[in-house]
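One structure is given here, and the rest of the page talks about it.
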Amino acid sequence: MSFRELAEQRQSDRRYDESRPVPREVIDRILDTARLAPSATNSQPWRIVVVDEPQLRDQVAATLTSPLVGSMNKFAVGVPVLLVLVEEPGNIAGKAGNLLLNKHLPAYDLGILSAYITLAAREEGLGSCIMGWVNQKQLRKVLGLPKHKNVPLVISLGYSLQPTRSKKRKSLEEIRSFNSYKE
């Protein structure tokens with residue numbers, strides 16, 4: 001499958017075959033590919049907690065929603081796998097870049113890592129969904145993470161029950177200009 005085909009087929013899936021577990025060998029192939037993602041100053045500021053034990057997975061899923069947001073992420077209960085992305089400190093050069101550029105570079109790095117994970121999952125025939133609504137305090141407690149750890153994203157993985165949808169994207173002309181900014 002070409003990169004273009006992967007990009008066309010990757011989507012946010014919210015229905016999975018709960019009776020079909022994802023083999024750990026498949027998860028390892030996805031994460032082995034994802035670890036090749038670029039990061040600022042090669043900091044690789046991440047750890048990934050794979051949650052595939054049903055009771056723990058459902059406890060993690062409960063941290064991804066709130067009465068304030070209605071049904072958002074309710075689908076996460078029962079998904080075969082949740083990948084919890086934990087931000088780790090960057091290297092010295094990355095920390096310097098954060099200060100000099102007034103940016104939080106690990107946030108960009110974790111976004112890139114997420115893209116690699118979801119594309120690698122698609123290549124393996126899996127669906128995925130990146131979730132950013134996370135009750136970090138509750139999630140830290142469920143997984144025994146130190147209080148200072150940041151968990152910006154959780155990604156669901158499983159065999160999707162949803163058909164591939166057409167992408168609704170802006171046209172190339174709407175997002176691109178050459179040599180100067182044009183509205």
Side-chain angles (χ1 to χ4, degrees), residues 1-40 42-54 56-58 60-61 63-65 69 71-88 90 104-136 139 143 149-170 172 175:
M1 185 179 315
S2 72
F3 182 77
R4 173 69 184 220
E5 291 168 323
L6 282 173
E8 287 173 343
Q9 292 181 19
R10 198 236 50 94
Q11 62 188 16
S12 294
D13 289 306
R14 293 176 178 86
R15 282 186 329 159
Y16 302 94
D17 185 344
E18 294 180 29
S19 69
R20 192 170 172 199
V22 178
R24 286 190 172 179
E25 301 79 41
V26 173
I27 297 167
D28 282 346
R29 282 196 303 268
I30 292 166
L31 298 182
D32 194 42
T33 298
R35 71 182 181 80
L36 301 173
S39 59
N42 200 28
S43 284
Q44 303 169 61
W46 51 66
R47 294 276 303 175
I48 303 164
V49 179
V50 178
V51 183
D52 62 356
E53 190 281 316
L56 183 61
R57 183 196 58 217
D58 290 345
V60 170
T63 72
L64 305 176
T65 191
V69 293
S71 64
M72 184 185 295
N73 298 337
K74 293 261 188 205
F75 74 92
V77 173
V79 301
V81 178
L82 292 172
L83 302 178
V84 178
L85 278 53
V86 181
E87 181 184 324
E88 294 293 331
H104 186 67
L105 297 173
Y108 299 94
D109 297 337
L110 286 158
I112 296 166
L113 177 71
S114 297
Y116 271 55
I117 289 170
T118 59
L119 289 167
R122 184 68 221 133
E123 184 178 47
E124 291 284 348
L126 297 175
S128 63
C129 186
I130 302 169
M131 296 168 277
W133 183 276
V134 179
N135 180 328
Q136 293 207 35
L139 182 56
L143 292 179
K149 292 296 180 185
N150 181 31
V151 181
L153 300 169
V154 175
I155 301 175
S156 62
L157 290 180
Y159 294 96
S160 180
L161 295 174
Q162 294 181 249
T164 303
R165 301 179 298 275
S166 301
K167 300 248 185 239
K168 295 178 178 136
R169 298 294 188 263
K170 294 178 182 179
L172 182 59
I175 65 164

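The two residues Gly127 and Asp13 come nearest to each other via the heavy atoms CA-OD2, 3.0 Å. Contact between Asp17 and Leu161 at its shortest, heavy atoms only, is N-CG, 3.6 Å. Scanning both residues, Pro80 and Arg20, for their nearest heavy atoms gives CG-O, 3.9 Å. Contact detail for Gln44 and Ser39: the closest heavy-atom pair is N-OG, 2.9 Å. Pairing each heavy atom of Ser156 with each of Tyr16, the nearest pair is OG-OH, 2.7 Å.
With respect to Val81, the side-chain contact (heavy atoms from CB on, under 4.5 Å) criterion is satisfied by exactly one of Ile155, Leu157, Leu126: Leu157. When the options Val151, Asn150, Leu113 are evaluated for a side-chain contact (heavy atoms from CB on, under 4.5 Å) with Leu85, the one that passes is Leu113.
Applying the side-chain contact (heavy atoms from CB on, under 4.5 Å) criterion to Pro23, with sequence neighbours excluded, gives Glu25, Val26, Tyr159. Taking Arg35 as the reference, Asp32 meet the side-chain hydrogen bond (donor to acceptor under 3.5 Å, both in side chains) condition, with sequence neighbours excluded. By the side-chain hydrogen bond (donor to acceptor under 3.5 Å, both in side chains) test, Arg169 is found to be paired with no residue, residues two or more places apart in sequence or in another chain being considered. Residues meeting the salt bridge (charged side-chain N to carboxylate O under 4.0 Å, His left out) test with Glu87, sequence neighbours left out: none. With sequence neighbours excluded, no residue forms a side-chain hydrogen bond (donor to acceptor under 3.5 Å, both in side chains) with Ser166. Residues meeting the salt bridge (charged side-chain N to carboxylate O under 4.0 Å, His left out) test with Arg29, sequence neighbours left out: Glu124. Not counting sequence neighbours, the partners of Asn73 by the side-chain contact (heavy atoms from CB on, under 4.5 Å) test are Leu64, Phe75, Met131, Trp133. The side-chain hydrogen bond (donor to acceptor under 3.5 Å, both in side chains) search around Asp28 returns none, not counting sequence neighbours. Considering only residues two or more places apart in sequence or on other chains, Ser2 meets the side-chain contact (heavy atoms from CB on, under 4.5 Å) condition with Arg4, Glu5. Taking Asp58 as the reference, Val77 meet the side-chain contact (heavy atoms from CB on, under 4.5 Å) condition, with sequence neighbours excluded.
Here the NZ atom belonging to Lys149 is positioned 12.0 Å from the CD atom belonging to Gln136, to the nearest 0.5 angstrom. A distance of 10.5 Å separates CG of Leu83 from CD1 of Ile130, quoted to the nearest 0.5 Å. Separating the CD1 atom in Ile30 from the CD1 atom in Ile117 is a distance of 8.5 Å, to the nearest 0.5 Å.
Applying the side chain to side chain donor-acceptor pair (under 3.5 Å) rule to pairs touching residues 108-122 yields Gln9-Arg122, sequence neighbours excluded.
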Side-chain donor/acceptor pairs under 3.5 Å, residues 45-52, sequence neighbours excluded:
from  : atom 1 : to    : atom 2 : distance (Å)
Asp52 : OD1    : Arg24 : NH2    : 2.9
Asp52 : OD2    : Arg24 : NE     : 2.9
Asp52 : OD2    : Arg24 : NH2    : 3.3

Handout entry: side chain to side chain contact (heavy atoms under 4.5 Å, CB included) evaluation trace for Leu153 with Val134
Key = CA-CA 7 Å; Leu153 300 169; Val134 179; over 6 Å; no
Handout entry: Verdict with supporting geometry, Val60 and Leu139, side chain to side chain contact (heavy atoms under 4.5 Å, CB included)
Key = CA-CA 6 Å; Val60 170; Leu139 182 56; 3.7 Å; yes
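The environment of Lys170 atom NZ is sparse: at most 12 non-hydrogen atoms of other residues, nucleotides or ligands sit within 6.0 angstrom.
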